[in-house]
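Right, one structure below, let's go through it.
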Amino acid sequence: RRHLKPPGFAAHHERSEPPVTALALTASPIFPTPPALPRIIQGGMGVAVSSWKLASAVARSGQLGLVSGTALDLVLARRLQDGDHDGAARRALAAFPIPRFAERVLKRFFLPAGRAPGQPYAPVPRLTLKQTRLAQELTVLGNFVEVWLAKAGHAGLVGINYLEKIQMATPAASYGAMLAGADYVVMGAGIPREIPHLLDQLAQHEDVSLPITVIGGSGHTVDFSPTDLMGTAAARGDNAAQPAPAQPPLKRPTFLAIVSAHALAEYLARDPRVRPDGFVIEGHVAGGHNAPPRGRLTLDDSGQPIFGPRDSADVSKVAALGLPFWLAGAYGTPEAVSAALAEGAAGVQVGTLFALAQESGLEPALRDDVNDRLRSGTLEVRTDPLASPTGFPFKVAQVPNTLSDPAVTQARPRLCDLGYLRSAVERPDGSVVYRCPAEPVHMYVKKGGDIADTVGRSCLCNSLAANVGLGQTRRDGYEEPALVTLGVDLDGVTRLAAQHPHGWGAEQAVSWLLGKPVG
């Protein structure tokens, strides 16, 4: 049987061996003391809500801290344009193994005094099937920086969370995270069947071609070559064209697939090439994106999707697969952690409790507003079946002056200038265009989209950046509003907020979940 290896221990031949149960870890000749699995996984939320500071704090407490891997090229570029006042981004860039990469990005985006009042952020390259060198360099660097900062100064576990939906960024993003030593990669919002093999390849610095979903087409890929990107004389800054020195293998992160159905877990576990190292089983009450209800979509009187028994995974069937798993969605209390362990889970993944912690990336004023509503019992979180351009239901906290307010949504100019959630579409002539249901309606329809798909859609890319203080300021003075996402179950966070009227830190949240005294 295959013992669960430390993060990064994987090879092609090992992936074909049968798995071992999460609770049957024994010593092996190679690793006499197998590592303990984290009991708590801090969710990878939003755009930089799961910041490096939050992930670092959780990792230092002995659990798995995740940084959000969404739009980290944008996050790095905008932090630099805001002056990088704490020097964190530049500190991480100085540690990158190819100094010329960092020099180019700093020259292009760093503003020592920050942006002038009203000055818009400079654009970053948009995701496409054929990517420019700048696009890949910036993606590699953004992911490297966030993971490197989260791992600095301690020996705890740090991972990164990706959305399968954002496929075109995945190869370069994963490589950047692995260069920084990411211990785990966690992925949801789709079927991540290609990721285990992709990580195997990237650990060996191999060229990769990731299959990309293209509406109306097939055979499309995003190609990424670590050798071309990292190994050329131009990349290294050498004057002479000479072969790149051989690179030692990178640590291969442990890969966890986020799934909502046991059938999907069974499908992924069946084939060694697509088998993850474990699962996060996410219920429909969890925050962010969720799988839609199975069968015909039915809404309740308030316009929210109705979920039923078919939408809950059979945990016993997941346990029978022999891979470690964590439960997510309404597991943010000490009692829920104990219940998950009793079901055979290695632990739980928790989001909301950490999204509102002091180290999260949420703008402090926005976090304080949400916490005040939480303590007063007036905070409402709704499952919106239409808001997200992805087509997945999306959990939205009802907070004034954000896109949860219909008046704010109506006042926002309809545009799509970041495009992380765009879909690729093949035209009859074989060319590929990119469209998003949240873009101007006439543009979406011109690209072959159904006008009905545009109804009720919100621009998540811009609003999620605004959540963490990186929202765009338009030339006409318009500032992008936020849109806060949380889990529907507020029991645990309400109880913790009552104990900490002035806020809590990630370490206090971890201690509370594990039933330890909270200072």
Side-chain angles (χ1 to χ4, degrees), residues 42-57 67-68 70-71 74-75 78-86 88-89 114-121 146 287-288 351-382 387 394-409 411-412 418 458-474 477-487 490 493-494 496-506 508-509:
Q42 160 250 310
M45 301 162 287
V47 171
V49 170
S50 291
S51 65
W52 66 265
K53 293 180 181 179
L54 177 60
S56 176
V67 297
S68 169
T70 301
L74 180 84
V75 170
R78 291 191 171 182
R79 285 176 177 166
L80 291 174
Q81 290 172 77
D82 284 337
D84 186 33
H85 296 305
D86 61 0
R115 294 176 300 140
Q119 179 183 354
Y121 287 110
E146 200 76 1
T352 302
L353 210 65
F354 294 105
L356 299 179
Q358 292 165 342
E359 297 92 342
S360 91
L362 276 178
E363 271 284 88
L366 188 58
R367 182 174 61 240
D368 291 345
D369 188 354
V370 173
N371 279 330
D372 288 344
R373 294 175 188 281
L374 186 70
R375 295 186 182 93
S376 66
T378 60
L379 180 62
E380 178 187 5
V381 179
R382 291 176 49 81
F394 194 68
K395 299 287 190 301
V396 177
Q398 305 301 295
V399 181
N401 301 316
T402 71
L403 283 180
S404 66
D405 184 338
V408 176
T409 300
R412 182 187 181 273
L418 298 180
S458 296
C459 177
L460 295 192
C461 300
N462 276 289
S463 61
L464 295 184
N467 284 348
V468 295
L470 297 175
Q472 182 64 287
T473 299
R474 306 291 171 190
Y478 180 82
E479 296 184 358
E480 288 286 354
L483 181 67
V484 180
T485 178
L486 297 171
L490 300 176
V493 72
T494 299
L496 192 61
Q499 296 181 30
H500 297 277
H502 301 295
W504 61 89
Q508 292 170 312

Taking every heavy atom of N462 against every heavy atom of Q472, the minimum-distance pair comes out as OD1-CB, 4.2 Å
message = Quick one: does any side-chain atom of S68 pair with a main-chain N or O of G44 as donor and acceptor, under 3.5 Å?
response = no
- How about N401: does its CG atom have over 12 heavy atoms from other parts shown lying under 6.0 Å from it? no
Nearest heavy-atom approach of L362 to A355 is CD1-O, 3.4 Å
Between V493 and L353, the two heavy atoms sitting closest are CA-CD1, 3.5 Å
All heavy atoms of T485 vs all of G288, minimum pair found to be OG1-N, 3.0 Å
- Query: Looking only at atom types and distance, does a side-chain atom of S376 sit under 3.5 Å from a main-chain N or O of D372, one as donor and one as acceptor?
  - Reply: yes
*Should E380 and R373 count as an ion pair when the cut-off is N to O under 4.0 Å?*
no
**Study point:** From CA spacing to verdict: side-chain hydrogen bond (donor to acceptor under 3.5 Å, both in side chains), S463, E480
**Key:** CA-CA 6 Å; S463 61; E480 288 286 354; over 6 Å; no
Do the side chains of H500 and Q508 get nearer than 4.5 Å, heavy atoms only? yes
- prompt: Looking at R412 and E479, does any basic side-chain N land under 4.0 Å from a carboxylate oxygen?
  reply: no
Distance-only donor-acceptor check, side chains Q119 and T473, under 3.5 Å = no
